[in-house]
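See structure below.
To find a chain, count down the sequence lines: A is the first, B the second, and so on, and within it residues start at 1. Values in this document were obtained by computation on a predicted structure and should not be read as measured data. Every heavy atom of this structure was used, including side-chain atoms; hydrogens, water molecules and symmetry mates were not.
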Amino acid sequence: NAGVTQTPKFQVLKTGQSMTLQCAQDMNHEYMSWYRQDPGMGLRLIHYSVGAGITDQGEVPNGYNVSRSTTEDFPLRLLSAAPSQTSVYFCASSYGRGGEIYEQYFGPGTRLTVT
Amino acid sequence: SQQGEEDPQALSIQEGENATMNCSYKTSINNLQWYRQNSGRGLVHLILIRSNEREKHSGRLRVTLDTSKKSSSLLITASRAADTASYFCATEAGGTSYGKLTFGQGTILTVHP
């Protein structure tokens, strides 16, 4: 199993550009999520999905869109990049049971710089 | 704001010593999880403790949970240089917050050989 994969590993954007960060998992997990991590900070939840076709906002959703058309993929779209979106982005997946989320498996991260 | 708050923010010890990190949270939870992050890498799950459990062990790790105080601690015994990393707690609240795993800001642990 590849686990959780993210592409690209690094990206530089100019202010106003758009792009999509890709995330895929091969563990048949229902739950997937996107976080951003800024220097010296913990992870902040951007968007999450509890199953195909279902997405919801996390703590810091502004400027980002997601969709979940399949169980495997959960892309994150930056609509119009801003310097404040410079960060490391992590995708994660996990299984849930009985209304409870269990251990999350993280991808290696995408380092995004917006100039 | 983030649910989990950890202390200390940084901890520096010698190899062989024990390291204790604490996490406090604000609302009721289904479970509390601890993760490790090596510099520049993704997070790795260490241990999960459910709200009806008080203590859990995994190898050199011991986690306690006090739901009355809304706090948890992670103890790493006989630390090694390879334990140098950032450690995060994360809480899973369930209910209307189902799907929202919220992380603390982490403790940076440095173990000197």
pair [X]-[Y]: side-chain heavy atoms closer than 4.5 Å:
X	Y	answer
A:Q37	B:F88	yes
B:Q37	A:F90	yes
A:L43	B:L43	yes

Are there more than 12 heavy atoms of other residues, nucleotides or ligands under 6.0 Å from atom [atom1] of [X]?
X	atom1	answer
A:R77	CZ	yes
B:R41	CZ	no
B:E15	CD	yes

State plainly whether one hydrophobic cluster holds both [X] and [Y], where clusters connect Ile, Leu, Val, Met, Phe, Trp and Tyr through side-chain heavy atoms under 4.5 angstrom apart.
X	Y	value
A:W34	A:Y105	no
B:L48	B:L61	no
B:L65	B:I47	yes
B:I108	B:L74	no
A:M32	A:Y89	yes

Exercise for the section: Grab the two heavy atoms, one from A:Y31 and one from B:K100, that are nearest each other, plus how far apart they are. Expected result: OH-N, 4.2 Å
Please classify the contact between [X] and chain B as side chain, backbone, both or neither, with a heavy-atom cut-off of under 4.5 Å.
X	answer
A:V88	neither
A:E30	neither
A:L45	side chain

Handout entry: side-chain contact (heavy atoms from CB on, under 4.5 Å) partner of A:Y102, chosen from B:R50, B:E92, B:H45
Key = B:R50
Exercise for the section: State whether the side chain of A:Y48 and the backbone N or O of B:L101 hold a donor-acceptor pair below 3.5 Å, judged by distance alone. Expected result: no
Handout entry: N/O donor-acceptor pair under 3.5 Å between B:N31 side chain and A:I101 backbone
Key = yes
Practice task
Supply the atom-to-atom distance A:Y35 OH to B:F103 CZ, rounded to the nearest 0.5 angstrom.
Solution key: 4.5 Å
Problem - From CD (A:E103) to CG (B:L46), nearest 0.5 Å - result: 10.0 Å
Exercise for the section: Report yes or no: do A:Q104 and B:Q33 form a side-chain donor-acceptor pair below 3.5 Å? Expected result: no
